Structure formats: structure tokens, C-alpha cells
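Predicted, not measured: the structure shown is a model, and the values here were computed from it.
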Amino acid sequence: MERLRVEFTTEPFDLDEAPAHAVVAREVIQAAELDAVDVGPFGNTAEGGADEVLSAVDALLRRALGAGATRVSLQINVIGEGEK
């Protein structure tokens, strides 16, 4: 099974305090069965098996939009052998 890397951000931004949609998105990714999770103020990344990443992305989109996100930008890449 192939591995995937997802990178994402949610908007609108708030530099003073993390908005609810950003907190929810991070919680979804951190709770998923993924590895190499890195969350930050301007972007987040995670890696894992294809099924796990795609399931996490589904939950991320549904929960972040439900928590007030007006835009979710994401990129998914297939990770080749030795490309971690």
C-alpha cells in the first residue's frame, strides 16, 4: 500500500488566537493513525498509509468546515520509497 503526505491550512487566519476550525483540524490529524505529524501556525503536515490519510482528510474537511473554516487548502503527495 502506498504512503501519502498531506499538507493543509485552514482559513480565516487569526494571528492572536487559533480559531476553532484550526484547533479542530489539528485535533483530527493528531488523533488519526498517522505518523510524522507536524502542526504549526501557518501549515500542517502528516504522513501515513493511503487509507489512513484519506480517512483523516475526510474527517478534517467535514469538521473544519463545520467549525467555521471558510477555506481549506490541501495538497496530497504520494511518497516514494526512501522519500520520508
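Around atom CD of Glu11, more than 12 heavy atoms belonging to other residues, nucleotides or ligands sit under 6.0 Å away.
Contact between Pro12 and Pro19 at its shortest, heavy atoms only, is O-CG, 3.6 Å. Contact between Ala25 and Thr10 at its shortest, heavy atoms only, is CB-CG2, 4.0 Å. Considering every non-hydrogen atom in both Ala64 and Val24, the closest pair reads N-CG1, 4.2 Å.
Under a hydrophobic clustering in which Ile, Leu, Val, Met, Phe, Trp and Tyr are joined whenever their side-chain heavy atoms come within less than 4.5 Å, directly or via other members, Val28 and Leu54 fall into the same cluster. In terms of hydrophobic clustering, with Ile, Leu, Val, Met, Phe, Trp and Tyr side chains grouped at heavy-atom distances under 4.5 Å, Val72 and Ile76 are assigned to a common cluster.
In this structure, His21 NE2 and Phe13 CZ are separated by 8.5 Å, a value rounded to the nearest 0.5 Å. Note: Glu47 CD to Leu34 CG = 9.5 Å, rounded to the nearest 0.5 Å. Here CD of Glu33 is found 11.0 Å from CG of Asp51. Values are rounded to the nearest 0.5 Å.
No side-chain heavy atom of Leu4 sits less than 4.5 Å from a side-chain heavy atom of Ile79. Side-chain atoms of Glu7 and Asn77, non-hydrogen and from C-beta on, do get closer than 4.5 Å to each other.
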Report the C-alpha distance between Gln30 and Asn44 in whole Å, list the side-chain angles of each, state the deciding distance to 0.1 Å, and finish with yes or no for side chain to side chain contact (heavy atoms under 4.5 Å, CB included).
CA-CA 10 Å; Gln30 290 172 325; Asn44 309 280; over 6 Å; no

CA sep, side-chain torsions, deciding dist, call: Leu61, Leu74, side chain to side chain contact (heavy atoms under 4.5 Å, CB included)
CA-CA 10 Å; Leu61 292 171; Leu74 65 92; 3.8 Å; yes

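Side chain of Asp14 to backbone of Asp16: a donor-acceptor contact under 3.5 angstrom is found.
Contact check on Arg3 versus Asp35 returns a salt bridge, with a Lys/Arg side-chain nitrogen under 4.0 Å from an Asp/Glu carboxylate oxygen.
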